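Below you'll find the structure, written out as structure tokens, and then a few comments.
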Amino acid sequence: MQLYKDQPLRIHNSLSGKKELFQPINKGHIGMYVCGPTVYSNVHLGNCRTFMSFDMIFRYFRHLGYKVRYVRNITDAGHLENDADEGEDKIAKKAKLEQIEPMEVVQRYTVDFHNTLQKFNLLPPSIEPTATGHIIEQIEIIKDILEKGLAYEVNGSVYFDVVKFNEDHEYGKLSGRKLEDMIANTRELTAQDEKKNPQDFALWKKAEPQHIMRWPSPWGDGFPGWHLECTAMSTKYLGETFDIHGGGMDLKFPHHECEIAQAEASTGKSPVKYWMHANMLTLNGKKMSKSTGNNIYPSEIFSGDNNILSKVYSPAVVRFFMKQAHYTSILDLSDDALLASEKGYNRLMEAMTGLKDLKTGTTSDFDVAAWKQKCYDAMNDDFNTPILIAHLFDAVKHINLIKDDQETITSVDKELLEATLNAFVYDVLGIENQALAKDDSKALNGVMELLIQIRNDARTNKDFATSDKIRDELTALGIQLKDGQEGTTYTLK
RNA sequence: GGCAUCGUGGCCGAGUGGCUAGGCACAGCUCUGCAAAAGCUUGUACAGCGGUUCGAAUCCGCUCGAUGCCUCCA
């Protein structure tokens, strides 16, 4: 199904600052690279939002019928604590702290990363390469840039010559900066700095004797610079020019700017057609950040072990909450907002759960085909999930009216409605219906039918003490009774 | 200090020139033995000031405020 032929998609390109019609380089195929985590600690919820945003984008592309190669890396080396010469590798630092091998650190937090994303129902990427698995490729790129005269070696380290690069290229075009301004705004070089200019960045760093993570290179033992790994891996798996490069907003500068510089220096081509940046999740109005400690971990939300939220929230509710905001907007996490989302989520799921049994009639009061296209229009407008969700609630309203015998729907429309809702909610938004996953055993249904019958008998006999007791006790157990036109049903909370 | 983004009704959050966003909360009504659920109805929101325009939340300018990046962070 090549839906994309009928669904023109517009994407906000960070490089141009505009929404552009999406046209893949190779018809029907998409190459997408997203900067993954540095695995030196557990992923916090802010990290998850970015990956969830790109998961939704990946899912929509697939839904449209594109063949997508989605590459998301694992940074397991090269990410320094800071830009200074004595900067320590994040992984190595953690390893020292916990007195374990660096690769044990990597393994531990990679597993945590995968487990957490799985809870949020993220699809695995097509390829998940690691920096340490691509040292050779990185060295080759450095050699290439050195040959072209856009990098220089000092004392076993290699730096990218930003000033020289800027003579024929435009350094800063992604982040809207001008090199002259940056130079004017930087403090003078520290005396021991090896770099020609503060803007220069490391392609290769010499490993001091005490450094554990080291690899041989033409410039001696060392390790690759952080920015380089993404260039190496994206080029290897997606080619010198590919469709989409994504990542968190905070990576725009310098990380992505440097990627552009490296690629252009090496291949002479602009590496990416569409740059996409997902915005931050804030907590208490401030960006979530590992370094400042202003963050919350997914496990703390699922367990309730935190002092920010009043109750436990499920992964599906958190995912739904995040999809109610556009991926390019800052989203603030709060208990009130999650509470509101949870209720909305429940309403949506309840409407969808009974969809199969919806009665059909000879006419439809609801123009399902037009509604369906509105859903696509929302997604085609730069993945506007909040608008999509607004339309989904329009459908919920009609479903409830039909259940209430206030509207009718034809069987053809019903099928279309069900298929469309399933596609958008489950496949595209990736929101799981936890009501369906709950215990729905024959035994429970039998017991519930019995209780409902006893209660209704009591009500008929005006024995409200008994009927209310059944209702209240069930409520306390998390089972809600609903008295409708067609009798009483129940849902598990 | 530089660059960038943003400021929408009680809360969250869409919307870039004229047409109801949506969710949650609140209130009233219908239904109910009472509730819950569901449905219906109601909100004269767009930081402030000035300008452009027949018309601006939406464009321009200024002011105030917030956030992000400029050093590691999705």
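The sequence lines fix the lettering, A, B, ..., with proteins before strands; numbering per chain opens at 1. All figures in this text were calculated on a predicted structure; none of them were measured in a lab.
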No-hydrogen, no-angle side-chain donor-acceptor test under 3.5 Å, Y274(A) and D243(A): no

Under 4.0 Å, counting only non-hydrogen atoms across every strand here, what does [X] touch: a base, just sugar-phosphate, or nothing?
X	answer
R177(A)	base
L281(A)	base
G285(A)	sugar-phosphate
L481(A)	base
A278(A)	nothing
G46(A)	base

In whole Å, what separates the [atom1] atom of [N] from that of [M]?
N	M	atom1	result
A38(B)	C6(B)	C1'	39 Å
C49(B)	G22(B)	C1'	32 Å
C12(B)	C46(B)	C1'	16 Å
G48(B)	A56(B)	P	15 Å
C3(B)	G55(B)	C1'	35 Å
U52(B)	G17(B)	C1'	12 Å
A25(B)	G33(B)	P	25 Å

Given 3.5 Å as the limit, does a donor-acceptor pair link the side chain of [X] with the main chain of [Y], or not?
X	Y	value
Q138(A)	A131(A)	yes
N197(A)	D200(A)	no
D112(A)	V43(A)	yes

Report the distance from atom [atom1] of [X] to atom [atom2] of [N], rounded to the nearest whole Å.
X	N	atom1	atom2	answer
I387(A)	A14(B)	CD1	C1'	4 Å
D468(A)	C34(B)	CG	P	11 Å
K403(A)	C40(B)	NZ	P	14 Å
H326(A)	U5(B)	NE2	P	16 Å
K343(A)	C12(B)	NZ	P	16 Å
D483(A)	U30(B)	CG	P	18 Å
M249(A)	A74(B)	CE	C1'	11 Å
W371(A)	G22(B)	CH2	C1'	14 Å

When the ring planes of [X] and [Y] are compared, do they come out parallel, tilted or perpendicular, using 30° and 60° as the limits?
X	Y	result
F201(A)	Y171(A)	parallel
F383(A)	F61(A)	perpendicular
Y376(A)	Y60(A)	tilted

Sorted by position of nearest nucleotide on RNA chain B, 5' first, the leading residue of Q324(A) and H255(A) is Q324(A)

Between S175(A) and D381(A), whichever has its closest RNA chain B nucleotide further toward 5' is S175(A)

Under 4.0 Å: is that the gap between some side-chain N or O of [X] and OP1 or OP2 of [N]?
X	N	answer
N47(A)	A74(B)	yes
N384(A)	G15(B)	yes
K482(A)	A38(B)	no
S334(A)	C11(B)	no
K287(A)	C69(B)	yes
K290(A)	A74(B)	yes
K397(A)	C40(B)	yes

Counting only side-chain heavy atoms from C-beta out, which of [options] sits nearest to [X]?
X	options	result
F51(A)	G33(B), G13(B), A74(B)	A74(B)
A340(A)	C12(B), C24(B), G39(B)	C24(B)
D404(A)	G13(B), G39(B), C70(B)	G39(B)
R455(A)	A74(B), C72(B), C34(B)	C34(B)
S329(A)	A74(B), A14(B), C12(B)	A14(B)

Let's test your reading of the model: under 3.5 Å, does the base of A36(B) pair with the side chain of R471(A) as donor and acceptor? no

- Message: For a quick check, tell me whether the side chain of R347(A) and the base of C24(B) share a donor-acceptor pair closer than 3.5 Å.
- Response: no

Any-strand Watson-Crick or G-U partner of [N], both distances under 3.5 Å:
N	result
U52(B)	none
A35(B)	none
U20(B)	none
C64(B)	G7(B)
C69(B)	G2(B)

| query | Quick one: do D468(A) and R455(A) make a salt bridge, cutoff under 4.0 Å? | reply | no

**Prompt:** Which is it for E418(A) and K414(A) under the salt bridge (charged side-chain N to carboxylate O under 4.0 Å, His left out) test, yes or no, and what are the steps along the way?
**Reply:** CA-CA 6 Å; E418(A) 191 178 356; K414(A) 185 190 127 179; 5.2 Å; no

| query | Ring stacking, F464(A) with base of G33(B), under 5.5 Å and under 30°? | reply | yes

